[in-house]
Every structure is written in structure tokens, then in C-alpha cells.
Student: 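Starting off with a structure, shown below.
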Protein chains: 2
Amino acid sequence: MEKFKLYDAEYKFTSIIWDNEPINSTKLVRLCADKLGWKKSTTYTVLKKLCDRGILQNQDAVVTALVKREDVQKYESNTVVEKSFDGSLPKFLTAFLDERKITEKEAEELKKIIEEAVK
Amino acid sequence: MEKFKLYDAEYKFTSIIWDNEPINSTKLVRLCADKLGWKKSTTYTVLKKLCDRGILQNQDAVVTALVKREDVQKYESNTVVEKSFDGSLPKFLTAFLDERKITEKEAEELKKIIEEAVK
DNA sequence: AAGTATGGTTTATCCAGATAGACCTAAGGG
DNA sequence: CCCTTAGGTCTATCTGGATAAACCATACTT
């Protein structure tokens, strides 16, 4: 699943694409200049790298994503739980919610998500 | 909270200390050679850096942690949710639990943790 | 014909994380 | 006295992520 590993800059960049795909490459250059402060060549360099890795696609100046945001998110969530929490979701939740208060409504939403996962 | 940011190698290293503190520095060198394959100088270099950053402490050859594992975990969990999930815990949970099944008992444990956080 | 915008590649720089080699001092043992 | 061990610093190398400069070809505009 190393396919879904995105570094910080790559993630921000890919996010822009997810939000705007399909997007013309020149427009993407402008967007990145705007949102990330990148020069044209930077955008093309990163774009090419991600295309080579099979994460993005650039065909006839139209850029699209080959992997879904959800897949990367899934990878991210699993990675952090594994790496920092012994693979334990309860440990993760405990750490995240420590000193953090949520409303009844938010709690309901979370519980619903959990119940959906019960086999 | 940048204080709690640990890079991969630093995290593994600090984990060893959390598991063994207080620990004599020479023993730590041996442990790291064993578990991480590090040379003595590598251990001391990383140790010094983390001491400078106020994360560890090395006094009279006794190494201890100044920040708790829980604090780093809290930072990690918050960071990933912010960076990859718009700060939304439900989004995180959904991604994590996607295609993953949990038992009734695990669900109960999770719900309990959630209820504790309701203000 | 000259200028300009589009779409892109190749190569390079810079910096930081990861790792280690060389070297140093003080204390204790034979 | 020499040697070893403990405890540690300073400096260096290697690698990869982040960013960009320079350069190029094609097509459209004036």
C-alpha cells in the first residue's frame, strides 16, 4: 500500500487536484501559484513525479487523479494508528479526545459510525 | 505544540526510552545497537538533539524523557486529523473503519471512550 | 516575421533527516 | 604507567524532499 504514501507537499498538491479535477494543466499551474506559491516548473515537476508513481494522470493537458482521496485517507489513518498506537483504535481515540469535549450530537454521529462497522 | 513533533527515527528512539526509562546512557547505546542497528555515535547524536529540544534529558549518564508518550500521541492524533481529514474525527473514523469489521465488544469500548468526552 | 501563450522536460540547488567516523577526557584495573 | 571502558562531542557524508531556473517546441496572434 506504499502506493498511497504522499509527502506533505504532494498531499497539498493532490488535494487541489481532487478538489478541481478534471483540470487543465495550465490552470493547475495557476492554481498552485495561487494556493501554494509555486512556480510553474515546480508544479510540473511534482505533477510528473506523481504521474510516474501512478497517482495522477496527465493526458492531453487534462490532469486527473488515479487514486481516490478516500484511499489515501484510509492509508493515512491506518498508518498513524499502527505507527503510534500499536494498531489500537481505542488508544488513538483516547489520545485524540483527551481534554477535548464533544457535544451529544457529535457523540451520536461517532457511535453510529462505529456501529456500522460491527460485523 | 511543535515541541512534540518527532520524526520517524526519533520516534522509534524515544519509544525505546519510554519503555526503559530511566536508563543509563551506555545501556541505551547497546539497546539501540540491538533494536535499531545504530552505532554509538548515532545514538548520542540523536540523543543530544532531542535533549536540546527539551524532549529528553541526560543527566549524569541517566536518560529520561521530559515529554510523555501520551503527549506525543495526542499531538500525532490531532495532527493527522487536521492535516488529512479537515479536522473531522468522523471523517477519520469512517476512513479507518472502512472495510474493517469490529466486534460488539470493541464497539462497546469505543463508545465508552466517546461518551467520556461528552461535556 | 515577430511576439506571446501553452504545455512541458531536464537539470540543479538547498536544506534537513539519518547515520556514522574520528576524536577526546576521565576513571579504574593490572 | 599503560590499557580499557564509560561517556560524550564535533564534523562529515548520504539521501531525499521541496523548489525552481533554464530551456524547448508548437500554435496562435498581430
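On a predicted model such as this, the values are computed, not experimentally measured, just so you know. Per chain, numbering begins at 1; letters A, B, ... match sequence-line order.
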Student: Run through B:K111, B:K112, B:K105 and flag the one making a salt bridge (charged side-chain N to carboxylate O under 4.0 Å, His left out) with B:E108.
Tutor: B:K111
Student: When you look at B:D71 and B:K3, which way does the salt bridge (charged side-chain N to carboxylate O under 4.0 Å, His left out) test go after all the steps?
Tutor: CA-CA 10 Å; B:D71 290 330; B:K3 174 169 184 177; over 6 Å; no
Student: Any non-hydrogen side-chain atom of B:F13 less than 4.5 Å from a side-chain atom of B:L6?
Tutor: no
Student: What verdict does the ring-ring contact (aromatic ring centres under 6.0 Å, His included) test give for B:F92 and A:F92, after you've listed the backbone C-alpha separation in whole Å, the side-chain angles of each residue and the deciding distance to 0.1 Å?
Tutor: CA-CA 11 Å; B:F92 174 93; A:F92 175 93; 4.3 Å; yes
Student: How about B:K12 and B:K35: do any of their side-chain heavy atoms sit closer than 4.5 Å?
Tutor: no
Student: Whole angstrom is fine here: how far is it from NZ in A:K5 over to C1' in D:dG17?
Tutor: 11 Å
Student: I need the CD-P distance between A:Q59 and C:dG8, as an integer number of Å.
Tutor: 11 Å
Student: In whole angstrom, give the distance that lies between atom OH of A:Y44 and atom P of D:dA22.
Tutor: 19 Å
Student: Between A:D60 (CG) and C:dT6 (C1'), how many Å, whole number?
Tutor: 14 Å
Student: Assess the residue pair A:K74 and B:E99 against the criterion (salt bridge (charged side-chain N to carboxylate O under 4.0 Å, His left out)); give the C-alpha distance rounded to whole Å, side-chain angles, the decisive distance to 0.1 Å, and a yes or no.
Tutor: CA-CA 10 Å; A:K74 197 157 113 186; B:E99 286 175 30; 3.4 Å; yes
Student: Please report, rounded to the nearest Å, how far the P atom of C:dA5 is from the CG atom of A:N24.
Tutor: 16 Å
Student: Taking only side-chain nitrogens and oxygens of A:S25, does any of them come within less than 4.0 Å of OP1 or OP2 of C:dT6?
Tutor: no
Student: Could you run down nucleotides 10-24 of chain C 5' to 3' and tag each one B, S or - for protein heavy-atom contact under 4.0 Å?
Tutor: B------SSBBB---
Student: Measure the distance from CD on A:Q57 to C1' on C:dG8 and round it to the nearest whole Å.
Tutor: 17 Å
